[in-house]
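For reference, the structure is listed below as structure tokens.
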Amino acid sequence: MAFSAGTEEQTDTGMNIYKERLGLIRTAMMKRKLDAFILPVTDPHIGEYVPEHWRCIEWLTGFTGSAATVVVTRKFAGLWTDSRYFIQAASQLEGTGFELMKLRVPHTPEYIDWLASEMKTGSRAGADGRTISIGQARQLKDKLSVKKISLSLRSDLITPLWSDRPAMPSSMAFDHPVKYAGLSRREKLALLNSNMEEAGINYHLFTSPDDIMWLLNIRGGDVRYSPLMTSFALAGNGQVLLFADEEKIPAAMKAAFDADNVVLLPYDTLTSVLGTLDAENSMLVSPGSTSAAV
């Protein structure tokens, strides 16, 4: 469900709908024995601009900006964002139960530092590991471990509550001509394979759609104002496994993929495929754009 900027939605009882959702989150936290819940503005590709399906902070708080992290505890709810959004956030968060926490302003700690300072020793924090990068997870665990605060990355509290959540995007992919790309798909894949061999790497995992669009000379329309197709890719053994919904790929593109050793697999099968790889293999990943869940 999308809400326009500055609009305060009301329930039938007149209660601010965001306050109601905050209450539902706290109820879910109690059931899972969580003392804090962390929710960033991102998706399983750790992007800043995300499909409607992943605009969880907008659903929960009404804030529509592209950069934020929400932290909910039993008695506090805050939204951290930068100076681009101070005025907007102050307006959209009014009456929601969420407090604006201004990033990079004196005396306002980063959310990780705030958690480490405010949570009690032995507490338990939770987040959806699909929306927390490897780098963020490492930072959180390092900071919280000082007070023996545990971190659960299997705490998706949003999905069970968001009943009318938009579907995953389904726009068709299209070719990006070589005259704009500079090199053909086959040339780029040959360079990739050569570099991987030289570095002694068996597999290269691509989790950022930006990188995949560049590598395969394709584009999509899954994200507003960005020509991206939601996808993962795994390069290795002289081929690329592209994890994307099949209905997004035109027949001519499928045929071209076959000719270039690009194998199409369902979007949601990445982790099961990764689980089949031999342990002695080496893999290159980006901690900043790869989710902790992956």
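This one's a predicted model, so the numbers in the text were calculated from it and none came from an experiment.
- Side chains of Thr290 and Thr207: a donor on one and an acceptor on the other come within 3.5 Å.
- We find that Lys248 and Asp222 are joined by a salt bridge, their nearest charged nitrogen and carboxylate oxygen being less than 4.0 Å apart.
- Between atom CE of residue Met172 and atom CE of residue Met253 there is a gap of 8.0 Å, rounded to the nearest 0.5 Å.
- Atom CD of Glu247 is surrounded by more than 12 heavy atoms from other residues, nucleotides or ligands within 6.0 Å.
- Shown are Leu274, Leu241, Val285, Asn237; of these, the side chain to side chain contact (heavy atoms under 4.5 Å, CB included) with Tyr203 is made only by Asn237.
- Within 6.0 Å of the NZ atom in Lys188, the count of heavy atoms belonging to other residues, nucleotides or ligands exceeds 12.
- The local environment of CZ in Arg154 is sparse, with at most 12 non-hydrogen atoms from other residues, nucleotides or ligands closer than 6.0 Å.
- Look at Asp35 and Lys120 and you find no salt bridge, because none of the NZ, NE, NH1 or NH2 atoms lies under 4.0 Å from a carboxylate O.
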- Message: Walk me through whether Tyr267 and Phe232 qualify under ring pair (Phe, Tyr, Trp, His ring centres under 6.0 Å).
- Response: CA-CA 7 Å; Tyr267 173 76; Phe232 298 102; 5.3 Å; yes

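- Remark: Glu48 engages Arg84 in a salt bridge, criterion side-chain N to carboxylate O under 4.0 Å.
- A distance of 5.0 Å separates CE in Met229 from CG in Leu242, rounded to the nearest 0.5 Å.
- Residues Arg165 and Thr159 bring a donor and an acceptor atom of their side chains to less than 3.5 Å of each other.
- Aromatic ring centres of Phe98 and Phe63: separated by at least 6.0 Å.
- Ring centroid separation for the pair Phe76 and Trp114 comes in under the 6.0 Å cut-off.
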